[in-house]
K.L.:
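Provided herewith is a single structure, encoded as structure tokens, for subsequent inquiry.
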Amino acid sequence: MEQMTNSPQQDYITPREAARIAYLSVKSLSRLADEGKIRTIRPGKHRRYLRADIEALVGDAA
């Protein structure tokens, strides 16, 4: 897992927002993360997704 920083290059989003962008369920995103297909961090108990990975996922599907 990566460390969360306030860098403008690393924009982390919530599972709900990531699911909305990717047109997937939160559970499907979680499965992709568990399989290592997208990166996440856990700044506590909750997952955060890297916006660039989610947008790349959507781009790959198009």
Side-chain angles (χ1 to χ4, degrees):
M1 303 257 169
E2 296 181 24
Q3 293 294 322
M4 182 179 265
T5 66
N6 291 331
S7 169
Q9 296 174 348
Q10 292 186 337
D11 184 17
Y12 288 96
I13 56 177
T14 65
R16 184 176 289 168
E17 186 176 1
R20 183 184 54 78
I21 292 169
Y23 299 103
L24 294 171
S25 69
V26 172
K27 188 171 186 171
S28 292
L29 282 174
S30 179
R31 189 176 319 116
L32 289 171
D34 291 343
E35 293 171 357
K37 295 181 180 176
I38 53 177
R39 294 176 285 177
T40 66
I41 61 165
R42 286 186 187 246
K45 293 184 180 183
H46 304 284
R47 256 183 231 240
R48 294 294 180 260
Y49 295 89
L50 189 60
R51 181 183 293 275
D53 285 355
I54 301 303
E55 291 173 351
L57 182 68
V58 172
D60 290 344

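Note that the coordinates shown come from a computational prediction; the quantities given were computed from them, not determined experimentally. The residues of the chain are indexed from 1 along the displayed sequence.
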K.L.:
Is there a side-chain contact between Leu50 and Ile38 (heavy atoms, below 4.5 Å)?
P.N.:
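No, every pair of side-chain atoms sits at 4.5 Å or beyond.
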
K.L.:
Give the minimum heavy-atom separation between Ala33 and Thr40, together with the two atoms involved.
P.N.:
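What the structure gives for the nearest pair is CB-CG2, 3.5 Å.
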
K.L.:
With sequence neighbours left out, write down each residue that passes side-chain hydrogen bond (donor to acceptor under 3.5 Å, both in side chains) with Glu55, or none if nothing qualifies.
P.N.:
none

K.L.:
Please tabulate, one pair per line, all N/O donor-acceptor pairs under 3.5 Å involving side-chain atoms of residues 21-29, not counting sequence neighbours.
P.N.:
unit_1, atom_1, unit_2, atom_2, d
Ser25, OG, Ser28, N, 3.0
Ser25, OG, Ser28, OG, 3.0

K.L.:
Roughly how far, to the nearest 0.5 Å, is the OH atom of Tyr49 from the CD1 atom of Ile41?
P.N.:
11.5 Å

K.L.:
Among all residues two or more places apart in sequence or in another chain, which pass the side-chain hydrogen bond (donor to acceptor under 3.5 Å, both in side chains) test with Arg51?
P.N.:
Asp11, Glu17

K.L.:
Looking only at non-hydrogen atoms, find the nearest pair between Pro15 and Arg48 and report the distance.
P.N.:
CD-NH1, 3.7 Å

